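Predicted, not measured: the structure shown is a model, and the values here were computed from it. Chain letters run A, B, ... following the sequence lines, proteins first, then strands; residues in each count from 1.
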Protein chains: 2
Amino acid sequence: MGVHRKTRNLELVLDAFRNTQEALSAHLLIERLPVDVNRSTVYRLLDRLEDDGVVHSFLASENIRFYALCKECNQSGHVHSHAHFQCTSCSQVVCLEQEVAVPTLNQYRVDEAQVLLKGQCATCMR
Amino acid sequence: MGVHRKTRNLELVLDAFRNTQEALSAHLLIERLPVDVNRSTVYRLLDRLEDDGVVHSFLASENIRFYALCKECNQSGHVHSHAHFQCTSCSQVVCLEQEVAVPTLNQYRVDEAQVLLKGQCATCMR
DNA sequence: TAACTAATGCGACTGTGTTGCAATAATGCA
DNA sequence: TGCATTATTGCAACACAGTCGCATTAGTTA
Ligand SMILES: [Mn+2]
Ligand SMILES: [Mn+2]
Ligand SMILES: [Zn+2]
Ligand SMILES: [Zn+2]
């Protein structure tokens with residue numbers, strides 16, 4: 001898609017994702033950046049990275065979009081249908097290996113299945 | 001939970017849900033009420049109805065909470081694990097019969113599975 | 001009918017995400 | 001290296017979902 005100049009902010013954002021197993025909201029991401037980066041800039045970077053198939057995004061609670069690195073996507077389209085998990089105690093979100101089967105329905109053509117599992121993570125269980 | 005006085009607004013909200021097969025966002029609901037009802041009031045009514053097991057809610061895109069009547073819930077708790085469908089053309093949202101199986105995971109205790117299917121509804125397909 | 005208090009409307013607020021615009025900086029090329 | 005081009009950035013203002021405190025209104029009960 002868009003041109004990608006190798007800017008400091010872009011590198012910082014990618015580093016943040018590479019340094020964690022978690023999925024990150026824009027807010028969490030900004031907290032973890034070692035320098036201040038403007039909110040708009042972060043959103044724009046995330047949009048661009050998503051267009052380019054570098055990250056994917058999905059909604060978790062409460063009405064917040066989370067982002068994580070893609071494994072096998074590129075600018076020609078996102079191909080994943082894995083589930084996500086959010087801990088109801090610490091709010092941490094992760095991508096799961098679990099592939100999600102897209103079911104067939106009578107009345108509807110289903111293109112996509114979004115699955116968010118909620119419960120407790122290992123850390124919060126003890 | 002809370003006391004339920006039989007107010008005009010409460011009746012109007014319940015009627016709106018009874019008169020449709022769709023799930024409704026607060027915004028859609030307000031549009032369909034035959035008289036003006038304040039936004040805060042609508043949100044408070046929806047909260048109360050949800051506490052009482054009369055409606056359930058779930059998130060659809062874009063970051064919007066939808067509400068629909070419950071079939072077998074009451075104030076002692078919500079028991080449903082059905083999927084929801086949202087049409088990507090007309091944005092309409094419906095509850096599906098489809099029960100969702102809550103999977104078991106190694107690292108996490110899963111309490112709940114939220115499934116949102118996206119695609120096209122019958123009307124939008126032709 | 002009157003007292004009690006739940007429900008309501010209003011305005012202000014929070015938080016996520018978006019946008020127009022002027023300033024800045026990465027890039028490619030002379 | 002120096003310069004022109006233009007992508008990227010920061011900022012301020014905005015849109016919109018949802019929440020909250022508070023004064024007013026209106027169900028309910030006696
Ligand atoms: Mn993921
Ligand atoms: Mn439902
Ligand atoms: Zn946790
Ligand atoms: Zn449709």
Side-chain angles (χ1 to χ4, degrees), chain A residues 1-16 22-52 54-68 75 84 86 91-93 114 116, chain B residues 1-16 22-52 54-68 75 84 86 91-93 114 116:
Chain A
M1 271 259 121
V3 178
H4 259 207
R5 290 185 178 176
K6 189 181 170 183
T7 63
R8 184 203 58 168
N9 290 342
L10 180 62
E11 289 308 309
L12 292 176
V13 166
L14 286 174
D15 284 347
E22 287 173 69
L24 299 175
S25 63
H27 181 80
L28 280 174
L29 174 55
I30 288 170
E31 283 186 346
R32 298 194 184 186
L33 294 177
V35 299
D36 280 357
V37 179
N38 185 271
R39 205 156 40 102
S40 308
T41 301
V42 168
Y43 281 113
R44 285 188 281 228
L45 285 171
L46 290 170
D47 284 352
R48 265 174 31 217
L49 290 172
E50 185 162 21
D51 281 346
D52 294 350
V54 179
V55 304
H56 64 286
S57 78
F58 55 94
L59 296 176
S61 43
E62 286 290 325
N63 287 345
I64 291 172
R65 183 167 295 279
F66 279 73
Y67 297 83
Q75 55 277 44
H84 296 103
Q86 181 164 36
S91 299
Q92 198 170 98
V93 178
Q114 298 179 357
L116 180 66
Chain B
M1 271 263 123
V3 178
H4 259 207
R5 292 183 176 178
K6 189 182 170 181
T7 63
R8 183 204 58 167
N9 290 342
L10 180 62
E11 290 307 309
L12 292 177
V13 166
L14 287 174
D15 283 348
E22 289 172 68
L24 300 174
S25 63
H27 181 81
L28 280 173
L29 175 55
I30 289 170
E31 282 186 348
R32 298 195 183 187
L33 294 177
V35 299
D36 280 357
V37 179
N38 185 272
R39 205 156 41 104
S40 308
T41 302
V42 168
Y43 281 113
R44 285 188 281 229
L45 285 171
L46 290 170
D47 284 352
R48 266 172 31 218
L49 289 172
E50 186 161 22
D51 281 345
D52 294 351
V54 178
V55 304
H56 63 287
S57 77
F58 55 94
L59 296 176
S61 42
E62 287 287 326
N63 288 345
I64 291 172
R65 184 167 294 278
F66 279 74
Y67 297 82
Q75 55 277 44
H84 296 102
Q86 180 164 37
S91 299
Q92 200 171 94
V93 178
Q114 299 179 358
L116 179 66

How long is the line joining [atom1] of [X] and [atom2] of [N], in whole Å?
X: B:E11; N: C:dA6; atom1: CD; atom2: P; answer: 19 Å
X: B:H27; N: D:dT19; atom1: NE2; atom2: P; answer: 17 Å
X: A:L49; N: D:dT8; atom1: CG; atom2: P; answer: 11 Å
X: B:R48; N: D:dG27; atom1: CZ; atom2: P; answer: 13 Å
X: A:N38; N: C:dT16; atom1: CG; atom2: C1'; answer: 14 Å
X: A:Y67; N: C:dG17; atom1: OH; atom2: P; answer: 6 Å
X: B:L46; N: C:dT8; atom1: CG; atom2: C1'; answer: 15 Å

Going by distance alone, is a donor N or O of one side chain under 3.5 Å from an acceptor N or O of the other, for A:T7 and A:N9?
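Absent: no donor and acceptor within the cut-off.
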
Looking at the base of [N], is there any donor atom on it, or on the side chain of [X], that sits under 3.5 Å from an acceptor on the other one?
X: B:S40; N: C:dA7; result: no
X: B:R5; N: C:dA7; result: no
X: B:R39; N: C:dG11; result: no
X: B:R8; N: D:dG27; result: no

Is any side-chain N or O of [X] closer than 4.0 Å to OP1 or OP2 of [N]?
X: B:N9; N: D:dA26; value: no
X: A:T7; N: D:dA7; value: no
X: A:N63; N: C:dG15; value: no

Quick check on DNA chain D: between A:T41 and B:E62, whose nearest nucleotide comes earlier from the 5' end?
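Nearest nucleotide further toward 5': that of A:T41.
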
If you assign each of B:K6 and B:F66 to its closest nucleotide in DNA chain D, which residue comes earlier from the 5' end?
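Going by which nucleotide is closer to the 5' end, it is B:F66.
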
Tell me, do B:H4 and B:L49 make a side-chain contact under 4.5 Å, heavy atoms counted?
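When only atoms from C-beta onward are counted, B:L49 and B:H4 do touch, with a gap below 4.5 Å.
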
Scan A:R65 against the nucleic acid and name what it touches under 4.0 Å (heavy atoms): base, sugar-phosphate only, or nothing.
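Sugar-phosphate only.
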
Which distance, rounded to the nearest 0.5 Å, do you find between the CG of B:L46 and the CZ of B:F66?
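One finds 12.0 Å between CG of B:L46 and CZ of B:F66.
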
Counting side-chain heavy atoms from C-beta on, which of [options] comes nearest to [X]?
X: A:L45; options: C:dT5, D:dT9, C:dT19; value: D:dT9
X: A:Y43; options: C:dG17, D:dC11, D:dT9; value: C:dG17
X: A:R44; options: D:dA17, C:dT8, C:dC21; value: C:dC21

Salt-bridge contact B:R32-B:E22 (side-chain N to carboxylate O under 4.0 Å):
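The answer is yes: the pair qualifies as a salt bridge.
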
Name the residue closer to the 5' end of DNA chain C, choosing between A:L59 and B:V37 according to the nucleotide with the nearest heavy atom.
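Mapping each residue to its closest nucleotide by heavy atoms, the 5'-most match is B:V37.
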
Do any N or O atoms from the side chain of A:Q86 and from the backbone of A:S91 form a donor-acceptor pair under 3.5 angstrom?
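Yes, A:Q86 side chain to A:S91 backbone: donor-acceptor pair under 3.5 Å.
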
